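Here is the structure we will look at, set down as structure tokens.
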Amino acid sequence: MKKRVYLALMMPFLCFVGGAAQEVTEGVPVDENPNLVLWEDSLVDNKPVLNPTKFWDNWFITVNVGTFYNLVDNGGSAKAGKMFQPAAGLSVGKWISPWGGFRLMGMWGRGAGHTNPQYVGDNYYHWNIINGYGDALFNLHNLFGGYKENRKFQLMALAGIGVEHVESFDVKGTNITTEKNNLLGFRTGLLASFRLNKALAFNLEASINMLDDSYDGQVYDNKWDMHLNFLAGLVYRFKNHDGTRQFTYARRNEEKYAILNDEINRLRREVEAMKKAPAVNVVEKVVKSNQTTVLISFDANSTKINRLQEVNVYTAAEAIKKIENGDLYITPASNITDTDLFNGRANAVRDALMNEYNIPAGHIFIEQDRKLVDSLDPSKNCVVVYIVK
């Protein structure tokens, strides 16, 4: 009896050893619940932990309007204002991480050229352009200043490649003529984003598209024709699977954490009192259990899960999914001789379970002391993953 009670009392303590088993809440901003604070991972320099995301999370759509400023061979003698032409665009994109993402963007605009008045008179001409680009996006604020969920202003860099379809045009009395053409283009620029609310943002973008010299219907010695893009855009961010519209940090419920911590201290006092009590006869009892045990081994001095062990990670994930509100414990198969190596391997297993199989972080516990895991109530339904040297 004494042994069973002692083992049961130790079970809640597992949830807090090493700071790896704090209850996690997804997608709830701190300012909406003051009892929630960021969950910091003691095994990774106490850095906040981002909640896992799914493929359909962090997508956005943007509508742009603005202007092209055409930088072409036939533009040197033109009035600057005449080289500005209207433009509009539509893009769809996704942020893969707080620091980087991509977008697919289609635009319509007008090109502009100007004949040399010394030879053929003062004549402006225009043509239509439809283009499509794939752009890589880099959030400079998050990249160099760290991610903040509620940042109001963000500066981004972009770089992309695409195709510009140029409609046919000709200028009478000149050799300026072209058929319909598709030109390879390269783009780079900066984008400033102002957050309006959780779903909307306002963008200002300045970029440059570099094209083949035939863009304006005239080929000289220059290698590139260009157009500058000055655009204003309205961004709509779609909802994520957890109801948010951005990346979120995992939170810990401090109020509940404090209550459970008090309970742990009370149980510790009871355990100490039981240690001093007279010994009693122990009646052994066989208890049916749905505990699942999985062994995962690593290559020597490696923290990377090798391909042969991926099936064991899958087995652990499928087992925990079958247990309602079940817990999974990661612990060493034998005494630890290298704490850092064990922590690295345990974190690799935890990350694989979270990111590849969507196992909630709040149900994955890393415990360096195997004796505590072995002391779990035999009737507890759980999964135990043993890290083999």
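These numbers were taken from a predicted model, which means no experiment stands behind them.
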Sorted by chain and number, sequence neighbours left out, side chain to side chain contact (heavy atoms under 4.5 Å, CB included) with Leu71 holds for Tyr69, Met226, Leu228
- Message: Within the 4.5 Å heavy-atom criterion, are Asn139 and Trp95 side-chain neighbours or not?
- Response: yes
Sorted by chain and number, sequence neighbours left out, salt bridge (Lys or Arg N to Asp or Glu O under 4.0 Å) with Lys321 holds for Glu318
Looking only at heavy atoms, the pair that brings Ser214 and Asn181 closest together is OG-ND2, 4.0 Å
Contacts of Ala232 meeting side chain to side chain contact (heavy atoms under 4.5 Å, CB included) (sequence neighbours excluded), chain-then-number -> Phe202, Leu204
Result block: side-chain N/O donor-acceptor pairs under 3.5 angstrom for residues 352-360, not counting sequence neighbours:
{"residue": "Asn355", "atom": "ND2", "partner": "Asp351", "partner atom": "O", "Å": "3.2"}

Salt bridge (Lys or Arg N to Asp or Glu O under 4.0 Å) filter on Glu205, not counting sequence neighbours, yields Arg103
Within-4.5 Å side-chain heavy-atom neighbours: Ile330 and Ile387 = yes
Donor + acceptor pair across side chains of Asn335, Arg370 (<3.5 Å): no
inquiry  = What I'd like to find out is whether the side chain of Leu200 reaches to under 4.5 Å of the side chain of Arg237, using heavy atoms alone.
reply    = no
Sorted by chain and number, sequence neighbours left out, ring pair (Phe, Tyr, Trp, His ring centres under 6.0 Å) with Trp108 holds for none
Val72 and Asp225 have their tightest heavy-atom pair at CA-OD1, 3.7 Å
Are Leu90 and Phe238 connected into the same hydrophobic cluster when the rule is that any two of I, L, V, M, F, W, Y join if their side-chain heavy atoms are below 4.5 Å apart? yes
Carefully, step by step, assess Lys380 and Asp327 under the rule salt bridge (charged side-chain N to carboxylate O under 4.0 Å, His left out). CA-CA 9 Å; Lys380 177 179 174 62; Asp327 295 326; 3.4 Å; yes
With sequence neighbours left out, the residues meeting side chain to side chain contact (heavy atoms under 4.5 Å, CB included) with Lys94 are Trp59, Phe102
Applying ring pair (Phe, Tyr, Trp, His ring centres under 6.0 Å) to Trp127 and not counting sequence neighbours gives Tyr125, Phe169, Tyr215
- prompt: Does any N or O in the side chain of Asn347 come within less than 3.5 Å of the main-chain N or O of Gly344, such that one atom is a donor and the other an acceptor?
  reply: no
| Counting distance only, does the side-chain N/O of Asn240 pair as donor-acceptor with the main-chain N or O of Gln246 below 3.5 Å? | yes
Output for pair (Cys382 SG, Gln291 CD), nearest 0.5 Å, gives 4.0 Å
Those residues at least two apart in sequence (or on a different chain) that pass ring pair (Phe, Tyr, Trp, His ring centres under 6.0 Å) with Phe186 are none
By side chain to side chain contact (heavy atoms under 4.5 Å, CB included), Asn312 pairs with (sequence neighbours left out) Val294, Ile296, Gln309
Is it the case that the ring center of His141 lies less than 6.0 angstrom away from the ring center of Phe153? yes
Could you tell me if the ring centre of Phe230 sits under 6.0 Å from that of Phe68?
no
Looking only at side chains, do Asn70 and Gln85 share a donor and an acceptor under 3.5 Å apart? no
Short side-chain to backbone donor-acceptor contact, Ser302 and Asp299, under 3.5 Å: no
Self-check item: Donor on one side chain, acceptor on other, Asn343 and Gln368, under 3.5 Å
Solution: yes
So the ring pair (Phe, Tyr, Trp, His ring centres under 6.0 Å) pairs with at least one residue in residues 370-389 (sequence neighbours excluded) are none
Those residues at least two apart in sequence (or on a different chain) that pass salt bridge (Lys or Arg N to Asp or Glu O under 4.0 Å) with Arg187 are Asp135
Taking C-beta and beyond as the side chain, do Glu149 and Tyr249 meet within less than 4.5 Å on heavy atoms?
yes
